[in-house]
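Beneath this line is the structure, given in structure tokens, with notes to follow.
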Amino acid sequence: MLKLGVNIDHVATIREARYRGLLHGEPDPVAAALVCERAGCHGITAHLREDRRHIQDRDIWELRKRIKTRLNFEMANSPEIVEIALKLKPEIVCLVPERRQEVTTEGGLDVDTNLSALTETRKKLTDAGIEVSLFIAPDPRQVEASARTGSQFIELHTGAFAEHFHDKKGQEIELDRLISAAKQAHELGLQVNAGHGLNYENLKTLYRVPHLVELNIGHSIVSRSVFVGLDKAVGEMLELMSDYLG
Ligand code: PXP
């Protein structure tokens, strides 16, 4: 069964738009996470950025305390945030690029160039009992390098697929890249997640990609929740996801 991790950063973005710098404010991303869990999601994803643009430190600790599913802690490979992760002990860390030099042309992590630094962090996290995922573009060089770090997962960046969804030729090209990357990763023993820009419209087309374990979806769910409520928005996404055959 394809699992859903709900990315709640966008809830914090709305709060920060009005309450930045304060210790209170609405909407509360932790309360949102609990609603998502009650609606049946399989995990909660939150990104503690170095610039604390949306999720704050207090959110992440409160999430750790209160959620019952898996915490997927998205983070840059920076010493400050690695220290936090080692104390926080999420079930899984997804390493993502935040600085220009860590980003490949397609927008994922440049694992190939940063192989030794990422491998070192992967080892620290493994020693702390935390699984590791690398957010990468569907590029064979990056998939191969990801396997060399010893990470258990990759998360395929679906941003280009989402961006080209309404252009038939572009969509085909991006879908083929995702299909090849998923097959290559599976052969190398990596588990395959995917995320970024996925929504109620483009999801079914993505199902041509094999070996998917979990999708991390935020923006479309939070957007839909404005009209139907968060529990229904999560429920509708789960309903769509039940059609994935692997
Ligand atoms: N996965 C990763 C690694 C991300 O950085 C994001 C965006 O915060 C997502 C998934 C979710 O993307 P979206 O909010 O577009 O669904």
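No hydrogens, no waters, no symmetry mates; every other heavy atom, side chains included, goes into these values. For ligands, and for the atoms within them, numbers begin at 1 and follow the listed sequence.
Annotation: atom 1 (N) of ligand 1 to nearest protein heavy atom, Glu155 OE2, 2.4 Å. In terms of protein heavy-atom proximity, atom 16 (O) of ligand 1 is nearest to Gly218 N, 2.8 Å. Among protein heavy atoms, the minimum distance from atom 9 (C) of ligand 1 is reached at Asn7 ND2, 3.7 Å. Annotation: atom 12 (O) of ligand 1 to nearest protein heavy atom, His196 CA, 3.3 Å.
Taking a cutoff of 4.0 Å between a charged side-chain nitrogen and a carboxylate oxygen, Lys183 and Glu187 do not qualify as a salt bridge.
Minimum heavy-atom separation, Arg64 to Glu91: NH2-OE1, 3.2 Å. The minimum heavy-atom distance linking Ala33 with Leu63 is given by the pair CB-CD2, 3.6 Å. Of all non-hydrogen atoms in Tyr207 and Leu240, the two that sit nearest each other are OH-O, 3.0 Å.
Heavy-atom distances between Gly197 and ligand 1 reach below 4.0 Å in at least one pair.
In this structure a side-chain-to-backbone donor-acceptor pair under 3.5 Å is missing from Tyr19 to Ile14. Put simply, the side chain of Thr149 gets close to the backbone of Ser146: a donor and an acceptor are under 3.5 Å apart.
Between His157 and Phe135, the ring planes lie parallel to each other; the angle is under 30°, not in the 30° to 60° tilted range.
The shortest N or O to N or O distance between Ile217 and ligand 1 is not below 3.5 Å.
Compare His10, Glu74, His47 by their heavy atoms: the one nearest to atom 2 (C) of ligand 1 is in Glu74.
Ligand-side atoms of ligand 1 in range of Asn216: 10 (C), 11 (C), range being under 4.0 angstrom from any heavy atom. Close approach of ligand 1 to Val96 (heavy-atom distance below 4.0 Å) involves ligand atoms 3 (C).
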